[in-house]
Engineer: 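Have a look at this one before I ask anything.
These values consider heavy atoms only, across backbone and side chains, with no hydrogens, waters or symmetry-generated copies. Every chain is numbered from 1 and lettered A, B, ... according to where its sequence line falls, protein lines coming before strand lines. Because the structure is predicted, anything quoted here is derived from the model rather than measured.
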Number of protein chains: 2
Amino acid sequence: MTEPADPPVRRDPLSREKVLLAAVAMADEAKGEVPSTRKLANRLGVRAMALYHHFKNKDELLDGMVDLVFAEVELPTGDLDWQTAMRRRGASMREALKRHPWAVGLMDSRVDPGGATLRHHDTVIGCLLAGGFTIVGAAHAFSMLDSYIYGFAIQENALPISDEGDFEAAAVGMMETVPADEFPHLTAMAAEHALKPGYDYGDEFAIGLDLIIDGLDRHRESWR
Amino acid sequence: MTEPADPPVRRDPLSREKVLLAAVAMADEAKGEVPSTRKLANRLGVRAMALYHHFKNKDELLDGMVDLVFAEVELPTGDLDWQTAMRRRGASMREALKRHPWAVGLMDSRVDPGGATLRHHDTVIGCLLAGGFTIVGAAHAFSMLDSYIYGFAIQENALPISDEGDFEAAAVGMMETVPADEFPHLTAMAAEHALKPGYDYGDEFAIGLDLIIDGLDRHRESWR
DNA sequence: AGTAAAACTGTACGGTGTAAAGTACAATGC
DNA sequence: GCATTGTACTTTACACCGTACAGTTTTACT
């Protein structure tokens, strides 16, 4: 008879989810670098090839990681008007992409979306339709909002690391190498705006998002 | 005395520019994959390490490639109002990113911009300032426009390859795997809009760009 | 002709994703 | 109770990657 107090000798096996969680955590720590199969496996107390028992190949693993990011995004709930809902999910999505900067670089090569991604898209479209958009209008709105959100994330990622006052040092250093006479407007903007003490590029996000939402509201009726 | 009719036996040496042009051409052909140093060198009739005589490391080469893409973008000329200028450069930029899809994925990791990039940014900011934007307003406008353009490029890249009617086949196939009862709005949009014969996602670009430009015009006065 | 710099090569190292085959163990059917 | 099957994982190996380091050649300039 088997001993009930004796669980499987292999203490507990891997699973898609456990692998994905570790992969996301490692990518976050590595400031945007997706871990190699060997490093990921190592963290999980296993050899690299063990991962291939749970994922067909690395691409499938990356798909799963992106889907996990989408799962973190706050979905619109039915009780909000579409403007508020889109503002909230925009902010939430941007925060997720800031927490997981590696995801932005992955988006443009992912082709088959996971369940959380589909759920996200479906809910957003549903929210827009409920808000009075036609299907065509909802497609416009969706495309516009997501383009803005992803693009903003790209630009935020490309900034010199914003951990601390490091940013200012890096930005100043960069600007020193840019001749002011050759690029007058750029240096003016840097000196008079972007390098001013309280400036935070992140604040631009809400401004743009509001402008787009405002524009969508204005054009909503005309999209049939 | 050296013979003037006898040009260098090494027919002609590499140069940054020649390497970059070959690299861009190869990346374009490879549908978005940046070539490895060995493959690139091979195309140039040289061994991999020869590249390191012209570039400190691969990152510097990638920087150069991105700068070449910016060099292809049509710059605003002084004789256009800012709206027209921004529409033109937006379209031009998107086309460049479509020609060179690999550039989009590179953007979020590039940190030091090349000359063409700086020239581009400077000219755009100059155009906005000339159009009546304050520095703060120009910063908002610039951030918004570029976010939208980059983000749109991401989404366009992520589409199943749009070479031909292949697109429809791929999209239909994808939609077959999405249960309609679980994602009703998504499937509705696909069926009634995105999969209709004449639909081209690229057409969304101008709609969003116009909406943003319109919004910028409306808010311009309020940004001091 | 001699020298010094520039352009390029050979070799090597540690890293990558993953194919193929092998091993250890649990569960199952008889 | 024992053979069979399936699951989870390991070992080994391969082709490819970026690049450090130390040559070697080719060119340019006295």
Side-chain angles (χ1 to χ4, degrees), chain A residues 1-24 26-27 29-66 102 105-106 109-111, chain B residues 1-24 26-27 29-66 102 105-106 109-111:
Chain A
M1 83 155 13
T2 63
E3 314 220 357
D6 186 9
V9 175
R10 169 110 18 236
R11 36 285 185 223
D12 51 5
L14 250 41
S15 67
R16 277 182 87 87
E17 201 184 40
K18 267 190 272 195
V19 174
L20 288 174
L21 287 173
V24 166
M26 288 183 78
E29 288 162 20
K31 227 207 75 66
E33 298 279 297
V34 170
S36 72
T37 51
R38 280 176 246 258
K39 283 176 187 153
L40 176 55
N42 199 38
R43 164 106 142 213
L44 293 161
V46 121
R47 298 289 134 90
M49 288 311 289
L51 302 175
Y52 288 81
H53 211 270
H54 305 273
F55 299 88
K56 184 166 131 289
N57 52 33
K58 184 146 189 190
D59 244 40
E60 199 177 289
L61 194 155
L62 298 180
D63 281 340
M65 290 174 72
V66 169
W102 44 268
L106 254 32
S109 53
R110 269 354 56 207
V111 160
Chain B
M1 95 177 332
T2 63
E3 313 218 358
D6 185 9
V9 174
R10 166 120 8 245
R11 34 287 185 223
D12 50 7
L14 250 41
S15 67
R16 276 182 87 85
E17 202 184 39
K18 267 189 273 192
V19 174
L20 288 175
L21 287 174
V24 166
M26 287 183 79
E29 289 162 18
K31 226 209 76 69
E33 297 278 298
V34 170
S36 73
T37 52
R38 278 173 247 257
K39 282 174 187 154
L40 175 55
N42 199 38
R43 163 106 144 213
L44 292 161
V46 118
R47 298 290 134 93
M49 289 311 290
L51 302 176
Y52 288 82
H53 211 270
H54 304 273
F55 299 88
K56 184 167 132 289
N57 52 34
K58 185 147 188 187
D59 245 40
E60 200 178 289
L61 194 154
L62 298 180
D63 281 338
M65 290 174 71
V66 169
W102 45 267
L106 255 31
S109 54
R110 281 329 78 200
V111 160

Engineer: Quick check for you: to the nearest 0.5 Å, what is the distance between B/E29 atom CD and B/R43 atom CZ?
Structural biologist: 4.5 Å
Engineer: Rounded to the Å, how far apart are A/H53 NE2 and C/dA19 P?
Structural biologist: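 About 14 Å, once rounded to whole Å.
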Engineer: For A/R47 and C/dT23, give me the distance from atom CZ to atom C1', rounded to whole Å.
Structural biologist: 14 Å
Engineer: For A/H54 and C/dT18, give me the distance from atom NE2 to atom C1', rounded to whole Å.
Structural biologist: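 Atom-to-atom, A/H54 to C/dT18, this comes out as 16 Å.
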Engineer: Rounded to the nearest angstrom, tell me the gap between atom CD in B/E33 and atom C1' in C/dT16.
Structural biologist: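 Those two atoms, CD and C1', are 14 Å apart.
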Engineer: Under 3.5 Å, side chain of A/N57 to main-chain N/O of A/E60, donor-acceptor pair present?
Structural biologist: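 Side chain of A/N57 to backbone of A/E60, a donor-acceptor pair under 3.5 Å: yes, one is there.
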Engineer: Spell out protein contact along nucleotides 15-20 of chain D as letters: B when the base is contacted, S when just the sugar-phosphate is, - when no protein heavy atom is under 4.0 Å; keep the 5' to 3' order.
Structural biologist: --BBBB
Engineer: So among A/M49, A/H54, A/K56, which one has a side-chain contact (heavy atoms from CB on, under 4.5 Å) with A/Y52?
Structural biologist: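 Exactly one pass, corresponding to A/M49.
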Engineer: So, the side chain of A/R110 versus the backbone of A/D59: is there a donor-acceptor pair under 3.5 Å, distance only?
Structural biologist: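 Present.
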Engineer: Can you see which heavy atom on B/S36 is nearest to which on B/K58, and at what distance?
Structural biologist: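 Closest approach of B/S36 to B/K58: CA-NZ, 3.7 Å.
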Engineer: Is the shortest side-chain N to carboxylate O distance from A/K39 to A/E33 below 4.0 Å?
Structural biologist: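 No, A/K39 and A/E33 are not salt-bridged.
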Engineer: Nearest whole Å is fine: how far is C/dT18 C1' from A/E60 CD?
Structural biologist: 14 Å
